[in-house]
Engineer: 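Below are the structure tokens for one structure; questions will follow.
Numbers here simply count residues along the sequence, with the first being 1. Atom set for the values below is all heavy atoms of this structure, side chains included, hydrogens, waters and symmetry mates excluded. The structure displayed is predicted, hence computed values, not measured ones.
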Amino acid sequence: MALLPILCYPDPRLHTVAQPVQLVDARIKTLISDMLETMYDAEGIGLAATQVDVHERLIVMDLSGERNSPLVLINPEITWASQEQQVNDEGCLSVPGIYDGVERSSSIQLKAQDGEGRLRTLDAQGLLAVCIQHEMDHLLGKVFVEYLSPLKRNRIKTKMLKARRETVRA
């Protein structure tokens, strides 16, 4: 297993639309392991392949406090979303240290392949539903800050660029 570098906003590669995974093979299984290790190391609860500069439709998550219940979603597709919306403070490993409210469906249903390539269906509510929608946005080339006002988005972009410059100097 290996830690993968996480792209940081406003890296333009975060806006790449991911392509479907064609085959769940050894390469994909290694990528899943590496993504889980990267997500756990960064203390995140979800990671899309786009965030590690792999533009395939793959998401890993683990909402358990013990970090022992990984969920793998390959080629996920939302088949139903509730009309009921909820606003949650969201953060993102690609936008470290930034949290803001985003409105999303409170319940969803989806179909996806698991880490072995088997097709599964899933009903999700609450934090799981929010996390899935957030990570699926990454697969579409969208970062959560794009739901915010242009003023907030520009402030965040400036902050991220400044942090990157300071890291390079150090």
Engineer: If every non-hydrogen atom of Glu146 is compared with every non-hydrogen atom of Arg153, which pair is closest and at what distance?
Structural biologist: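 In terms of heavy atoms, the two residues are closest at O-NH1, 3.4 Å.
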Engineer: Please find the pair of heavy atoms, one from Pro70 and one from Leu36, that lie closest to each other, and give the distance.
Structural biologist: CB-CD2, 3.7 Å
Engineer: What residues, two or more places apart in sequence or in another chain, satisfy side chain to side chain contact (heavy atoms under 4.5 Å, CB included) together with Asp41?
Structural biologist: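 Expected list: Leu3.
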Engineer: Indicate the atoms forming the closest heavy-atom contact of Thr50 with Thr16, along with that distance.
Structural biologist: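 Between these two residues, the closest heavy atoms are CG2-O, 4.0 Å.
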Engineer: Search all heavy atoms of Asn68 against all heavy atoms of Asp62 and return the closest pair with its distance.
Structural biologist: N-OD2, 3.2 Å
Engineer: Please write out which residues are connected to Leu139 in a hydrophobic cluster, directly or through intermediates, given that two of Ile, Leu, Val, Met, Phe, Trp, Tyr count as joined at side-chain heavy-atom separations below 4.5 angstrom.
Structural biologist: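 Reading the cluster by chain and number, Leu139 sits alongside Ile45, Ile59, Met61, Leu63, Leu71, Leu73, Ile78, Ile108, Leu110, Leu122, Leu127, Leu128, Ile132, Met136.
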Engineer: Can you name the closest pair of heavy atoms from Leu93 and Gly46 and give their distance?
Structural biologist: CD1-O, 3.8 Å
Engineer: Other residues, nucleotides and ligands only: do more than 12 of their heavy atoms fall within 6.0 Å of CZ on Arg155?
Structural biologist: no
Engineer: If the test is side chain to side chain contact (heavy atoms under 4.5 Å, CB included), which one of Val72, Ile6, Val52 qualifies with Met35?
Structural biologist: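 With Met35 as partner, Val72, Ile6, Val52 yield a single side chain to side chain contact (heavy atoms under 4.5 Å, CB included), made by Val52.
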Engineer: Considering only residues two or more places apart or on different chains, which pairs with a residue in residues 4-20 satisfy salt bridge (Lys or Arg N to Asp or Glu O under 4.0 Å)?
Structural biologist: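 Sorted pair list: Asp11-Arg13, Arg13-Asp53.
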Engineer: Identify whether the distance between the nearest side-chain nitrogen and carboxylate oxygen of Asp137 and Arg104 falls below 4.0 Å.
Structural biologist: yes
Engineer: Within the structure provided, determine whether Ser107 and Gln86 are in side-chain contact (heavy-atom separation under 4.5 Å).
Structural biologist: no
Engineer: Ignoring hydrogens and angles, tell me if any N or O in the side chain of Ser94 forms a donor-acceptor pair with the backbone of Leu7 under 3.5 Å.
Structural biologist: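 Flag set: sc Ser94 to bb Leu7 pair under 3.5 Å.
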Engineer: Does the cation-pi check pass for Lys159 over Tyr9, that is, NZ or CZ under 6.0 Å from the six-membered ring centre and within 45° of its axis?
Structural biologist: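 Judged by the rule (NZ or CZ under 6.0 Å from the ring centre, within 45° of its axis), Lys159 is not positioned above Tyr9.
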Engineer: Ile74 versus Asp114: any side-chain heavy-atom pair under 4.5 Å?
Structural biologist: no
Engineer: For residues Ser106 and Ala129, report the shortest heavy-atom separation together with the two atoms involved.
Structural biologist: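 The answer is O-CB, 3.7 Å.
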Engineer: Tell me whether Glu77 is salt-bridged to Arg57, with the criterion being a basic N under 4.0 Å from an acidic carboxylate O.
Structural biologist: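 Here Glu77 does not pair with Arg57 in a salt bridge, since their nearest N and O are not under 4.0 Å apart.
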Engineer: Closer than 3.5 angstrom, by distance alone: can the side chain of Thr79 be matched with the main-chain N or O of Gln109 as a donor-acceptor pair?
Structural biologist: yes
Engineer: Salt bridge check, Glu56 against Arg27: does any charged N sit closer than 4.0 Å to a carboxylate O?
Structural biologist: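 Result for this pair is yes, salt bridge flagged.
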Engineer: Has Arg120 got a side-chain atom pairing as donor or acceptor with Gln113's backbone, closer than 3.5 angstrom?
Structural biologist: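 Not confirmed, Arg120 side chain does not pair with Gln113 backbone.
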Engineer: Look at the side chain of Glu37 and the backbone N and O of Ala2, then say whether any donor-acceptor pair between them is shorter than 3.5 Å.
Structural biologist: yes
Engineer: Just wondering, more than 12 heavy atoms not from Gln85 lying within 6.0 Å of its CD?
Structural biologist: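 Yes, the 6.0 Å shell around CD holds more than 12 heavy atoms from other groups.
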